[in-house]
Amino acid sequence: MHKFGFARVAAASPELRVADCRFNAAQIIEVIKQAHAQQVEYLVLPELSITGYTCADLFLQPKLQTEAIAALHEITAATAGLSLIVIAGLPVAIKGRLFNCAAVLQQGKILGIVPKTCLPGYSEFYEPRWFAAAEELEVTELRLGGVTVPIGNDLIFASESDGNLSFGVEICEDLWVPVPPSSLLAQAGALLLFNPSASNELVGKADYRRQLVSGQSASCVAAYVYAGSNTGESSTDVVFGGHSLIAENGQTLAESERFSHESQLIIADIDVPRLQYSRSVMGTFRAGKGGRNYREILFSDPAAQQEDRPLIRKIAVNPFVPGNPQQRDERCREILSIQTSGLMKRIRHIGTKQAVIGISGGLDSTLALLVAVRAMERLGVRQAMCWP
């Protein structure tokens with residue numbers, strides 16, 4: 001698997017208790033162990049996974065903030081000796097402001113902390129009541145546990161051994177705005193995009209969320225890994241379903257079961273070389289760093305430290321032929337329509353009333369004949385002469 005450049009990513013939705021950092025840290029550590037056992041390289045957890053998202057005014061209590069930092073150190077320590085990257089969410093207090101953040105961890109260290117850029121304050125969301133947006137951050141570094149850690153939404157994490165492999169992080173609402181930070185991160189080179197989220201459940205919202213994640217992975221020509229909050233958040237009038245998704249360049253590779261009250265972990269193998277090639281042929285990815293400068297944070301490539309493993313990704317025998325019969329029929333109709341439309345335009349342009357086609361009896365000439373007949377019928381030419 002390593003030889004062909006695949007990266008194994010995962011999204012987890014652990015069992016959770018609101019405002020119980022010790023319990024949540026224990027559940028997160030257990031999920032980290034499960035991911036490591038399955039040779040996962042990158043693991044993203046939900047938004048504010050250490051405290052819970054629905055703490056409301058409890059977020060403002062110094063005790064909860066202190067417990068969250070202590071739990072972060074405990075989780076960080078649990079990654080010592082492990083090669084995988086872990087992304088966990090927590091509130092971080094800085095100079096009288098509280099920020100909704102995602103901490104990036106590896107091998108017992110905090111590599112960086114990314115604050116949320118866009119805070120929803122509409123409908124059932126009240127984040128501006130407790131949190132400040134990333135633009136209000138006045139520092140670029142933070143002292144945690146005696147170590148200086150970079151902080152900001154201008155961080156991009158790059159592999160020490162592979163200069164073409166990097167990832168970025170945005171948080172929940174960041175994806176739902178007109179210009180998501182992930183779009184700029186992708187333009188700056190991030191191939192893997194991670195989103196710790198706490199998107200609640202409404203009728204029809206899962207379909208929209210699925211389309212949003214898939215569409216963003218396509219527009220960014222990237223892998224997008226989205227981790228949704230567990231049903232343990234559903235302690236108020238807002239319900240969460242633990243909806244997690246993994247998409248690659250418009251294709252959904254893995255999706256969790258919603259409304260499970262147990263911890264969930266979904267895993268997928270990402271075809272990194274395919275993404276790199278697709279970007280290399282697109283001039284739109286040569287336009288610089290998305291209009292801003294990013295600080296590059298180096299990480300140790302997990303793939304270089306793991307044993308070889310079998311590919312869990314399903315490879316279609318006929319990659320261009322949909323397995324779903326209804327989708328296959330629609331694809332065939334689309335192919336015929338595209339070719340018929342092009343031929344009709346050409347016939348109209350040259351002003352002819354007839355077409356001559358040589359038929360060998362093979363598939364190509366048979367398709368050409370069908371297209372020619374369809375085009376002539378739509379042009380109103382009823383009769384056709386066929387010569388052997």
Separation between SG of Cys55 and CG of Asp20, rounded to the nearest 0.5 Å: 10.0 Å
Could you check whether any side-chain N or O of Ser214 sits under 3.5 Å from a backbone N or O of Thr252, counting only pairs where one atom can act as donor and the other as acceptor? no
Is a side-chain donor or acceptor of Glu47 paired with a backbone partner of Tyr53 at a separation under 3.5 angstrom? no
Should we say atom CD of Glu262 is surrounded by more than 12 heavy atoms from elsewhere, each under 6.0 Å from it? no
Any sub-3.5 Å donor-acceptor pair from Thr340's side-chain atoms to Ser337's backbone N or O? no
Trp130 vs Phe99, test: side chain to side chain contact (heavy atoms under 4.5 Å, CB included). Steps then yes/no. CA-CA 8 Å; Trp130 312 296; Phe99 295 87; over 6 Å; no
Compare all side-chain heavy atoms of Leu98 with those of Val92 and state whether any distance is below 4.5 angstrom. no
How close do Leu119 and Ala133 get, counting heavy atoms only, and between which atoms? CD1-N, 3.4 Å
With a 4.5 Å heavy-atom cut-off, do Asn100 and Leu90 have their side chains touching? no
For Pro150 versus Leu111, what's the shortest heavy-atom pair and its separation? CG-O, 3.3 Å
Donor-acceptor contact present, side-chain Arg143 to main-chain Gly146, <3.5 Å: yes
Nearest-0.5 Å distance, CG of residue Leu245 to CD1 of residue Ile266: 6.0 Å
For Ile350, does the CD1 atom have more than 12 heavy-atom neighbours from other residues, nucleotides or ligands under 6.0 Å away? yes
Taking atom types as modelled, is there a side-chain donor on Asn249 or Ser217 under 3.5 Å from an acceptor on the other? no
Qualifying residue, where the test is side-chain contact (heavy atoms from CB on, under 4.5 Å) with Pro302 and the options are Leu82, Ile85, Leu43: Ile85
Side chain to side chain contact (heavy atoms under 4.5 Å, CB included) between Arg374 and Gln339, worked out: CA-CA 10 Å; Arg374 283 166 60 93; Gln339 294 186 315; over 6 Å; no
Compute whether any side-chain donor of one residue and acceptor of the other, for Arg209 and Ser199, lie under 3.5 angstrom apart. yes
Under 4.5 Å between side-chain heavy atoms, hopping through other hydrophobics if needed: is there a path connecting Ile335 to Leu343? no
Can a donor-acceptor pair be found, under 3.5 Å and without considering hydrogens, that links the side chain of Ser256 to the backbone of Gly242? yes
Anything under 3.5 Å between a donor and an acceptor, one on a side chain of residues 65-75, the other on a protein residue two or more places apart or in another chain? List them.
| unit_1 | atom_1 | unit_2 | atom_2 | d |
| --- | --- | --- | --- | --- |
| Gln65 | NE2 | Phe59 | O | 3.0 |
| Thr66 | OG1 | Pro62 | O | 2.9 |

In plain terms, say whether Glu170 and Lys116 are close enough for a salt bridge, that is, a side-chain N and a carboxylate O under 4.0 Å apart. no
Please determine whether side chain to side chain contact (heavy atoms under 4.5 Å, CB included) holds for the pair Phe240 and Thr231, giving the CA-CA distance in whole Å, both sets of side-chain angles, and the decisive distance to 0.1 Å. CA-CA 5 Å; Phe240 295 82; Thr231 54; 5.8 Å; no
To the nearest 0.5 Å, how far apart are CD in Glu257 and OG in Ser13? 11.5 Å
Single-linkage hydrophobic cluster, 4.5 Å side-chain cutoff, Met376 and Leu367 together: yes
Euclidean distance, Arg8 CZ relative to Ile246 CD1, rounded to 0.5 Å: 10.5 Å
Side-chain heavy atoms nearer than 4.5 Å, only ILVMFWY residues, links allowed to pass through others: does that put Leu165 and Leu298 together? no
Checking side chain to side chain donor-acceptor pair (under 3.5 Å) against Glu330, which of Gln327, Arg333, Arg328 comes through? Arg333
For Gln34 and Ser263, does a side-chain donor sit closer than 3.5 Å to a side-chain acceptor? no
Please determine whether the number of non-hydrogen atoms from other residues, nucleotides or ligands lying under 6.0 Å from atom CG of Asp364 exceeds 12. no
To the nearest 0.5 angstrom, please state how far the CG atom of Asn164 sits from the CD atom of Gln276. 5.0 Å
So, Ser159 side chain and Ser166 main chain: donor-acceptor pair closer than 3.5 Å or not? no
So with a 6.0 Å cut-off around CZ of Arg129, is the heavy-atom count from everything else above 12? no
When you compare the side chain of Ile87 with that of Pro196, does any pair of heavy atoms fall below 4.5 Å? yes
Expected output: side-chain Arg258 to main-chain Ala206 donor-acceptor under 3.5 Å: no
Do the side chains of Ile156 and Ile297 get nearer than 4.5 Å, heavy atoms only? no
For a 4.5 angstrom cut-off between non-hydrogen side-chain atoms, does Asp271 reach Phe6? yes
Does Leu16 reach the side chain of Gln27, with side-chain heavy atoms less than 4.5 Å apart? no
Apply side chain to side chain contact (heavy atoms under 4.5 Å, CB included) to the pair Leu175 and Tyr226, showing each step before the final yes or no. CA-CA 10 Å; Leu175 173 62; Tyr226 180 99; 4.2 Å; yes
Can you tell if the side chain of Glu15 reaches within under 4.5 Å of the side chain of His261, non-hydrogen atoms only? no
Please verify the inter-ring angle class for Phe167 with Phe157; under 30° counts as parallel, over 60° as perpendicular, anything in between as tilted. parallel
Applying the side-chain contact (heavy atoms from CB on, under 4.5 Å) criterion to Pro115, which one of Ile94, Ile151, Leu155 satisfies it? Ile151
Cut-off 3.5 Å, side chains only: do Ser182 and Gln216 have a donor facing an acceptor? yes
Return yes if a side-chain donor-acceptor contact under 3.5 Å exists between Tyr122 and Glu173, otherwise no. yes
Is there a continuous path of hydrophobic side-chain contacts, each under 4.5 Å between heavy atoms, that joins Leu185 to Val213? yes
Cationic tip of Lys205 within the cone over Trp176's six-membered ring, i.e. under 6.0 Å and within 45° of the normal? yes
Do side-chain atoms of Ser197 reach the backbone of Ala227 as a donor and acceptor pair under 3.5 angstrom? no
Identify which one of Pro46, Ser229, Ser49 satisfies the side-chain contact (heavy atoms from CB on, under 4.5 Å) criterion when paired with Pro14. Pro46
Check the surroundings of atom CZ in Phe259: do more than 12 heavy atoms from other residues, nucleotides or ligands lie under 6.0 Å from it? yes
Report, as yes or no, whether the 6.0 Å neighbourhood of atom CD on Glu124 holds more than 12 heavy atoms from other residues, nucleotides or ligands. yes
Check whether Gln106 reaches the backbone of Ser300 with its side chain - one donor and one acceptor, N or O, closer than 3.5 Å. yes
More than 12 heavy atoms from other groups under 6.0 Å of CZ on Arg313: yes
How long is the gap from CD1 on Ile32 to NE2 on His36, to the nearest 0.5 Å? 11.0 Å
Is any side-chain heavy atom of Asn24 closer than 4.5 Å to a side-chain heavy atom of Thr51? no
I'd like to know if the side chain of Thr54 pairs up with that of Glu233 as donor and acceptor (distance under 3.5 Å, no hydrogens or angles considered). yes
Backbone N or O of Ile359 within a donor-acceptor pair of the Ser365 side chain at under 3.5 Å? no
Tell me whether Val114 is reachable from Val44 by hopping between hydrophobic residues (I, L, V, M, F, W, Y) whose side-chain heavy atoms are closer than 4.5 Å. yes
